[in-house]
Amino acid sequence: MKTPKAPLTPRLERQAKALGERFALARRRRMITGKAAAARARTSPSTLSRLENGDATVSLDVVLRLLSVYGLSEDIDALAADDKLGRDLQDASIVTKKRVRG
């Protein structure tokens, strides 16, 4: 029996919906039908539709394949690339020894 998934927060739902809209827009700008995009990404048209409608349960491999189909595969490299908070936390935990000059 599958474990039920935790619901997304409203903010995450909005982000998933916005991402889906960006995927749909990228497809339409390239004048690719949903059926053709799904075939090129080796997924079903219903999965593509779910993604474009903001369904966050669509797997990452589908997202990666679609980015490749749309010529946007390098966009994935920008995700979490600038982790300012992480660097600040790491730097704050580094203890430096002060030298005593004599």
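The first residue in the sequence is number 1, and the count goes up from there. Given the structure is predicted, the values throughout are model-derived calculations rather than measurements.
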TODO: Quick one: list whatever passes salt bridge (Lys or Arg N to Asp or Glu O under 4.0 Å) with Asp75, sequence neighbours left out.
DONE: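 In terms of salt bridge (Lys or Arg N to Asp or Glu O under 4.0 Å), with neighbours along the sequence ignored, Asp75 is linked to no residue.
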Open item on the list: Under the rule for salt bridge (Lys or Arg N to Asp or Glu O under 4.0 Å), what residues qualify as partners of Asp83, not counting sequence neighbours?
Closed with: none
TODO: Work out which heavy atom in Val58 is nearest to a heavy atom in Leu51; give both atom names and the distance.
DONE: CG2-N, 3.7 Å
- [ ] State, to 0.1 Å, how close Ser93 and Gln90 come at their nearest heavy-atom pair, and which atoms those are.
- [x] OG-O, 2.8 Å
All side chain to side chain donor-acceptor pair (under 3.5 Å) counterparts of [X], not counting sequence neighbours:
X     : result
Thr57 : Arg50, Asp55
Asp82 : Arg87
Asp77 : none
Asn53 : Ser49

Going only through I, L, V, M, F, W and Y residues with side-chain contacts under 4.5 Å, is there a path from [X] to [Y]?
X     : Y     : result
Phe23 : Leu60 : yes
Leu79 : Leu85 : no
Leu48 : Leu25 : no

Please set out all donor-acceptor pairs under 3.5 angstrom arising from side-chain atoms of residues 14-21, sequence neighbours excluded.
none

Task: All pairs passing side chain to side chain donor-acceptor pair (under 3.5 Å) where residues 65-74 contributes a residue, at least two apart - done: Asp61-Arg65
Show the atom names and distances, to 0.1 Å, of all donor-acceptor pairs under 3.5 Å that link a side chain in residues 36-46 to residues at least two apart or in another chain.
| unit_1 | atom_1 | unit_2 | atom_2 | d |
| --- | --- | --- | --- | --- |
| Ser44 | OG | Ser46 | OG | 3.1 |
| Ser44 | OG | Thr47 | N | 3.1 |
| Ser44 | OG | Thr47 | OG1 | 2.9 |

Open item on the list: Which Ile, Leu, Val, Met, Phe, Trp or Tyr residues join Leu8 in one cluster when any pair of side-chain heavy atoms under 4.5 Å counts as a link?
Closed with: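 Answer for Leu8: Leu12.
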